[in-house]
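These notes are about the structure you will find just below.
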2 protein chains.
Amino acid sequence: MASKGEQTRQEIVAAAKLLFYRRGYNNTSFSDIVAVTGVQRGNIYHYFKTKDDILAAVIEQRLAEYETALRNWEQEYADPKDRLRRFVQMVASNRGELAQYGCPIGTLSAELGKEYCNHQRSPRRLFDLFRDWLADQFRQLGKSKQAKSLALHLLGRTEGISVIGHVYADPALITTEIKSLQKWVDQL
Amino acid sequence: MASKGEQTRQEIVAAAKLLFYRRGYNNTSFSDIVAVTGVQRGNIYHYFKTKDDILAAVIEQRLAEYETALRNWEQEYADPKDRLRRFVQMVASNRGELAQYGCPIGTLSAELGKEYCNHQRSPRRLFDLFRDWLADQFRQLGKSKQAKSLALHLLGRTEGISVIGHVYADPALITTEIKSLQKWVDQL
DNA sequence: GTCTATATACGGATAGAC
DNA sequence: GTCTATCCGTATATAGAC
């Protein structure tokens with residue numbers, strides 16, 4: 001059972017995660033977080049010294065979430081190819097959100113990857129998580145040598161699809177492109 | 001010959017274009033533009049009523065630039081396939097910048113595409129420019145029916161490659177992925 | 001742990017002298 | 001067309017009562 005304080009902390013992180021995604025990190029203010037959570041300004045600073053600290057917590061939260069998802073997929077699907085299909089399917093399922101706000105990892109990286117930003121390299125760990133997991137699947141398919149570059153190729157394809165879908169705010173574009181990507185997986 | 005005022009205006013736009021790309025739109029302040037150009041704050045407001053107006057001018061500038069490039073490629077290469085190759089080659093040539101700051105169009109779209117942003121749909125015109133030109137080339141290759149979706153596929157591939165190259169700040173990743181994309185063009 | 005009040009800095013934008 | 005001085009809002013962050 002989580003203590004009261006821990007629960008408040010989680011509420012702040014959850015709200016920040018959503019706001020950073022939908023509005024961007026720089027465009028999200030403490031006032032926004034206060035408005036969403038009901039937790040008062042001063043109290044937020046009780047849990048996090050700076051806005052950067054909140055961002056760090058949000059990234060940790062995302063890492064944990066995705067790790068859990070990947071573990072589950074490993075349980076659900078024995079065939080590495082099915083796991084790859086499940087990964088691609090995730091993008092298709094999220095097409096609505098992706099078309100509205102872009103990829104949560106990709107747009108965060110784009111924003112934080114700019115010059116003079118404290119967190120330039122932080123979102124890379126999120127990419128590492130997927131890259132390493134995907135590479136594992138390719139290795140199990142007997143493609144040890146190209147595993148890493150195949151993983152980056154697949155990651156890049158999904159990111160590109162998200163960018164196009166977001167620019168045109170059109171989930172249907174994501175569906176079309178994902179079909180071609182599913183074929184690519186099938187033909188491995 | 002450009003008048004003095006016109007020249008000053010151009011300097012502001014040029015500086016803003018570079019700053020918006022490298023630091024992001026929201027992270028660029030008037031003070032930054034003053035520091036780069038030497039043009040004083042009040043004087044900038046003589047040319048642009050708002051920061052949004054500067055952004056609009058920067059987008060127009062990019063549109064004009066890219067239009068010129070595309071026209072030149074049409075002159076240089078008669079074969080539509082060579083024109084497609086030239087497009088892909090552009091990404092390869094810019095890999096250094098792309099790895100450092102991301103795609104100038106893609107990262108701008110990611111930033112402005114977020115919620116409650118005045119310019120949510122402005123960068124779409126930049127994508128339209130490339131999409132329509134690429135679709136034209138596919139049409140001339142006898143692929144009228146799929147022209148638009150092939151164009152979006154190619155655009156998406158380059159965007160995805162930029163995202164990965166940027167996240168890992170590694171131009172070599174861009175080179176690798178571009179090779180596979182060149183093959184795709186060759187096999188059309 | 002929660003809240004109010006406030007410090008401090010910097011953002012975009014304006015007024016007006018020259 | 002250029003420049004200085006300044007307004008005003010809002011941002012992050014802090015102090016301290018309860």
Side-chain angles (χ1 to χ4, degrees), chain A residues 1-59 108 111-112 114-120 122, chain B residues 1-59 108 111-112 114-120 122:
Chain A
M1 184 62 196
S3 66
K4 181 75 189 295
E6 188 55 31
Q7 189 192 328
T8 305
R9 204 192 120 97
Q10 294 298 342
E11 279 171 32
I12 295 167
V13 173
K17 196 184 93 172
L18 197 70
L19 286 163
F20 291 171
Y21 176 39
R22 296 194 174 176
R23 313 200 35 154
Y25 175 69
N26 290 306
N27 272 324
T28 300
S29 68
F30 278 84
S31 304
D32 292 329
I33 299 175
V34 169
V36 169
T37 59
V39 179
Q40 295 305 319
R41 301 179 78 79
N43 201 13
I44 293 175
Y45 279 98
H46 175 73
Y47 293 97
F48 302 97
K49 286 197 212 309
T50 66
K51 192 182 172 187
D52 280 0
D53 286 347
I54 302 181
L55 175 61
V58 166
I59 291 176
L108 188 69
E111 185 178 6
L112 301 178
K114 293 290 181 182
E115 227 173 33
Y116 307 127
C117 178
N118 294 334
H119 291 273
Q120 250 181 331
S122 311
Chain B
M1 184 62 196
S3 65
K4 181 74 187 294
E6 188 55 30
Q7 189 193 328
T8 305
R9 204 193 121 98
Q10 296 297 341
E11 279 171 32
I12 296 168
V13 173
K17 194 183 92 170
L18 197 70
L19 287 163
F20 292 170
Y21 176 39
R22 294 193 175 178
R23 314 199 34 153
Y25 175 69
N26 290 306
N27 273 324
T28 300
S29 68
F30 277 85
S31 306
D32 292 328
I33 299 175
V34 168
V36 170
T37 58
V39 179
Q40 296 304 319
R41 298 178 80 78
N43 200 14
I44 294 175
Y45 280 97
H46 175 73
Y47 293 97
F48 301 97
K49 286 197 213 307
T50 67
K51 193 183 173 189
D52 279 0
D53 286 348
I54 302 181
L55 175 61
V58 166
I59 290 176
L108 187 68
E111 185 177 7
L112 302 179
K114 292 291 181 182
E115 229 173 33
Y116 307 127
C117 176
N118 294 333
H119 290 273
Q120 250 180 331
S122 311

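When reading the values below, keep in mind they use all heavy atoms of this one structure, side chains included, and skip hydrogens, waters and symmetry mates. The sequence lines fix the lettering, A, B, ..., with proteins before strands; numbering per chain opens at 1.
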Quiz item: Would you call the rings of Y25(A) and H119(A) parallel, tilted or perpendicular if under 30° counts as parallel and over 60° as perpendicular?
Solution: perpendicular
Quiz item: Between NZ of K114(A) and CG of N27(B), what distance do you get to the nearest 0.5 Å?
Solution: 10.0 Å
Exercise. On DNA chain C, reading 5' to 3', which nucleotide is the first and which the last to sit with an atom under 4.0 Å from a heavy atom of chain B, could you check?
Key: dG11(C) to dT14(C)
Quiz item: So how far is it from E115(A) CD to Y21(B) OH, rounded to the nearest 0.5 Å?
Solution: 10.5 Å
Quiz item: What dot-bracket string describes DNA chain D from 5' to 3', counting Watson-Crick and G-U wobble pairs whose defining distances are under 3.5 Å, with [ ] for crossing pairs and | for pairs to another strand?
Solution: ||||||||||||||||||
Quiz item: Between CD of E11(B) and CD1 of I44(B), what distance do you get to the nearest 0.5 Å?
Solution: 10.5 Å
Exercise. In sequence, state the C-alpha distance, the side-chain angles, and the governing distance for L55(B) and N118(B), and then conclude on side chain to side chain contact (heavy atoms under 4.5 Å, CB included).
Key: CA-CA 11 Å; L55(B) 175 61; N118(B) 294 333; over 6 Å; no
Practice problem: With side chain to side chain contact (heavy atoms under 4.5 Å, CB included) as the test, would you mind laying out the steps for V13(B) and F48(B) before giving the verdict? | Solution: CA-CA 10 Å; V13(B) 173; F48(B) 301 97; 3.7 Å; yes
Self-check item: Worked check of side chain to side chain contact (heavy atoms under 4.5 Å, CB included) between I54(A) and F30(A)
Solution: CA-CA 10 Å; I54(A) 302 181; F30(A) 278 84; 3.9 Å; yes
Quiz item: Atom CG in L18(B), atom CG in D32(B): separation rounded to 0.5 Å?
Solution: 11.5 Å
Quiz prompt | Trace of the side chain to side chain contact (heavy atoms under 4.5 Å, CB included) decision for I12(A) with I33(A) | solution = CA-CA 7 Å; I12(A) 295 167; I33(A) 299 175; 4.3 Å; yes
Distances under 3.5 Å only, N/O to N/O: pair up the protein atoms with those of nucleotides 11-14 of chain D.
from: dT12(D); atom 1: OP1; to: T28(A); atom 2: O; distance (Å): 3.4
from: dT12(D); atom 1: OP1; to: K51(A); atom 2: NZ; distance (Å): 3.2
from: dT12(D); atom 1: OP2; to: F30(A); atom 2: N; distance (Å): 3.0
from: dA13(D); atom 1: OP2; to: K51(A); atom 2: N; distance (Å): 2.9
from: dA13(D); atom 1: N7; to: Y45(A); atom 2: OH; distance (Å): 3.3
from: dA13(D); atom 1: N6; to: R41(A); atom 2: NE; distance (Å): 3.3

Quiz item: Got a second to check how far C117(A)'s SG is from N26(A)'s CG, nearest 0.5 Å?
Solution: 7.0 Å
